[in-house]
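Residue numbers count from 1 along this sequence.
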Amino acid sequence: MGEIMNHQILGSTSEFLRRSHKHMINGTWTDNQAEAFRDVIDPATGDLLTKIQIAGQAEVDAAVKHARAAFEGGAWSGISAAERGRIMWRWADLLEAKLDVITELEVLDNGMPVAVAQGFIGYGISWIRYFAGMADKIADKNLSGTISSRAAPFHSYTSRQPIGVAGMIIPWNGPFGIFLIKTAPALAAGCSCIVKPAEDTPLTALILAETALEAGIPAGVLNVLTGDGSTGALIAGHPGIDKISFTGSTDTGKKIVQTCANDLKRVTLELGGKSPCIVFDDADLDLAIPAAAMAIFSNSGQVCFAGSRLFVHERVYDDVVQGIADFSKNLQVGNGFDPNTALGPLISQKQLDRVNGYVEQAVKAGLDVVMGASKPSGKGFFASPAVVNRIDPSQPIAREEVFGPVLAAFPFSDTETLIRNANDTRYGLGAGIFSSNIDRVHGVASALEAGNVWVNHYGGMHPGLPFGGFKESGWGRELGEDGYLAYTEQKTVSIKLNPLS
């Protein structure tokens, strides 16, 4: 299963993998002071791809020093917003010219099917262009008329300025895109950045940093430190960093909040989810069944907003669950380079064991596992799509984020009970509704405790639409104007004028 099907890796991709991978600090590839390395594994084969260095205190200190100097020296923050936008647009063009290599590295590093990688990479490049265009579009406000009088005139206004040095900690499930969902708005606002990609998927971050320099982003403005959780903790705790943006597990997000409380760093968190996907009896089932299936099985379920809890009206419940099972049997599990592959591997043996553990626990508890109890054989970290039928909402598989291709299905008969059960989770990231009743759609969308609600489709992150979660799914929003403003501070200036005589 792990063998590459009719795909010859590009020479430039192979050359990149043979490099000695270093940190990008102040525009220079920099070695660790201490000898600390980590293997990067191809999840489709379990084979070694390359090695990365693990940044420690010395590397974090150096990156912060140069990012701070670049910010305070105005190499980036001091140029016009329009010029920042032009350079970022050039960055997007250069990345687009390297699509083939970037795509291969993303598939090798993460395991995702090549079509999924191409989609994520395309989104990421569009986000650069979106925020490049926003750089000179955020206007300040003149508030003079709200406080002035003829007897006591004031000139009062607000202004936005970049927050400073931003530290970004990136997950492994969408490495290229999530790098850009954070850095594009930060750079457009004029910040300097220090990025730590996930230790399992660091490779496209290095290409992004290298290409940023080619585009003209000054040295010290975009720094990349490879490393593990210890590196992320050093970044979160560094007093020279003004803001942390983190995407990952809720438990790690809570630790970051505790660390950042020491100096009240600004924090944006995009965390876990256990999102409901709801199918009413008036839904177009030809649309709803494949959409609900891919809401959980896309990227092998390794999506923060995956529709992992399926609520179906009892009148169509059996048809929908059986339809998803039948649809999923035709989803090929295999190497991401095989064009017929729909589900690639999970990221690691650890994650595979975790996902299989939930399915095995369901089987032992006597739950009805419609499909997915058998495990693929061969090399690589592959998991079959699983559907667990008519389960008790209190079961662990119904409440905990599995982060794999495992769907928990529940019937419902009335909307009030549906809403109560859909909201009965500590998470609140996404939700899907399939219905042809527009009144019902608006009512249910309003009642769901979720930051993102998709109707008659599932998922998608347009750059103009803010993305984020309720409850323990995070703090703040990414994308849209909110994503840009998160990398700014607002200042109010009020000037008392002399009355006209």
Side-chain angles (χ1 to χ4, degrees), residues 106 109-110 112 116 120-121 123-124 127-128 131 166-187 191 193-205 208 222 224-229 231-233 235-236 241 243-260 265-275 298-306 308 347-348 351 401 403 426-430 450-452 459-463 465-480 482-484 486-487:
E106 199 80 331
D109 215 6
N110 172 275
M112 65 180 68
V116 175
F120 284 174
I121 293 164
Y123 290 149
W127 296 338
I128 297 176
F131 285 108
M168 290 93 166
I169 303 172
I170 310 296
W172 47 258
N173 60 318
F176 184 91
I178 299 175
F179 184 109
L180 292 171
I181 208 173
K182 298 183 184 300
T183 59
L187 291 170
C191 295
C193 302
I194 300 168
V195 185
K196 190 205 82 71
E199 56 266 38
D200 290 312
T201 55
L203 300 181
T204 52
L208 281 156
L222 180 57
V224 173
L225 301 177
T226 56
D228 55 17
T231 308
I235 291 171
I241 293 177
K243 176 184 174 66
I244 294 293
S245 180
F246 169 77
T247 297
S249 74
T250 294
D251 289 345
T252 302
K254 290 177 180 179
K255 293 176 183 176
I256 286 174
V257 168
Q258 292 167 357
T259 298
C260 292
K265 282 186 182 68
R266 305 301 186 254
V267 180
T268 297
L269 302 171
E270 198 272 280
L271 306 174
K274 194 69 178 175
S275 300
S298 181
N299 204 27
S300 298
Q302 299 172 124
V303 179
C304 53
F305 55 80
S308 55
I347 192 63
S348 65
Q351 186 64 14
E401 186 177 37
F403 221 64
R426 65 188 179 119
Y427 299 111
L429 188 52
N452 309 273
M461 298 169 69
H462 187 279
L465 298 176
F467 180 85
F470 286 18
K471 299 189 282 191
E472 292 190 30
S473 284
W475 283 357
R477 294 295 182 267
E478 297 182 302
L479 296 177
D482 293 313
Y484 176 92
Y487 292 96

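Looking only at side-chain heavy atoms (C-beta outward), Phe179 and Thr204 stay at 4.5 Å or farther from each other. Within the 4.5 Å cutoff, side-chain heavy atoms of Asp109 are placed close to those of Pro202. Thr259 has its side chain out of reach of Ile256: every pair of non-hydrogen atoms, C-beta onward, lies at least 4.5 Å apart. A 4.5 Å side-chain heavy-atom check between Thr183 and Leu222 finds at least one atom pair inside the cut-off.
Note that CD1 of Ile178 and CE of Met168 are 13.0 Å apart. Values are rounded to the nearest 0.5 Å. Interatomic distance, Asn452 CG to Phe305 CZ, rounded to the nearest 0.5 Å: 8.0 Å. In this structure, the separation between NZ on Lys196 and CG on Asp228 is 6.5 Å, given to the nearest 0.5 Å. Here the straight-line distance linking atom NZ of Lys243 with atom OG1 of Thr268 works out to 2.5 Å at 0.5 Å rounding. Here Tyr484 contributes atom OH and Leu479 contributes atom CG; the two are 15.0 Å apart, rounded to the nearest 0.5 Å.
Nearest approach of Lys265 to Ala236, heavy atoms of both residues: NZ-O, 3.1 Å. Leu269 approaches Gly253 most closely through the heavy-atom pair CD1-O, 4.0 Å. Across every non-hydrogen atom of Asn173 and Val303, the tightest pair is ND2-CA, 4.0 Å. Of all the heavy atoms in Tyr427 and Glu472, the pair that sits closest is CD2-O, 4.1 Å. A pairwise comparison of heavy atoms in Gly229 and Glu199 identifies N-OE2, 4.0 Å as the closest pair. Across Phe176 and Phe120, no two heavy atoms sit closer than the pair CD2-O, 4.5 Å.
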Practice item. For Leu187 and Phe131, run side-chain contact (heavy atoms from CB on, under 4.5 Å): C-alpha distance rounded to whole Å, both residues' side-chain angles, the deciding distance at 0.1 Å, then the answer. Key: CA-CA 9 Å; Leu187 291 170; Phe131 285 108; over 6 Å; no

Check your understanding: Is there a side-chain contact (heavy atoms from CB on, under 4.5 Å) between Ile194 and Ile235 once you walk through the steps?
Key -> CA-CA 8 Å; Ile194 300 168; Ile235 291 171; 4.3 Å; yes

**Study point:** Test side-chain contact (heavy atoms from CB on, under 4.5 Å) applied to Glu270 and Leu429, step by step
**Key:** CA-CA 9 Å; Glu270 198 272 280; Leu429 188 52; 3.3 Å; yes

**Study point:** Verdict with supporting geometry, Thr250 and Glu401, side-chain contact (heavy atoms from CB on, under 4.5 Å)
**Key:** CA-CA 10 Å; Thr250 294; Glu401 186 177 37; 5.7 Å; no

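The closest donor-acceptor contact from the side chain of Asn110 to the backbone of Trp172 lies under 3.5 Å. Using modelled atom types, one side-chain atom of Gln351 and one backbone atom of Phe403 make a donor-acceptor pair closer than 3.5 Å. Without hydrogens or angle criteria, Ser473 side chain to Gly428 main chain gives a donor-acceptor distance under 3.5 Å.
Under the ring-ring contact (aromatic ring centres under 6.0 Å, His included) criterion, Tyr487 pairs with no residue at all, not counting sequence neighbours. In this structure, Arg477 has no salt bridge (Lys or Arg N to Asp or Glu O under 4.0 Å) partners at least two apart in sequence or on a different chain. For Lys182, the salt bridge (Lys or Arg N to Asp or Glu O under 4.0 Å) test picks out Glu478, with sequence neighbours left out.
More than 12 heavy atoms of other residues, nucleotides or ligands sit less than 6.0 Å from atom NZ of Lys471.
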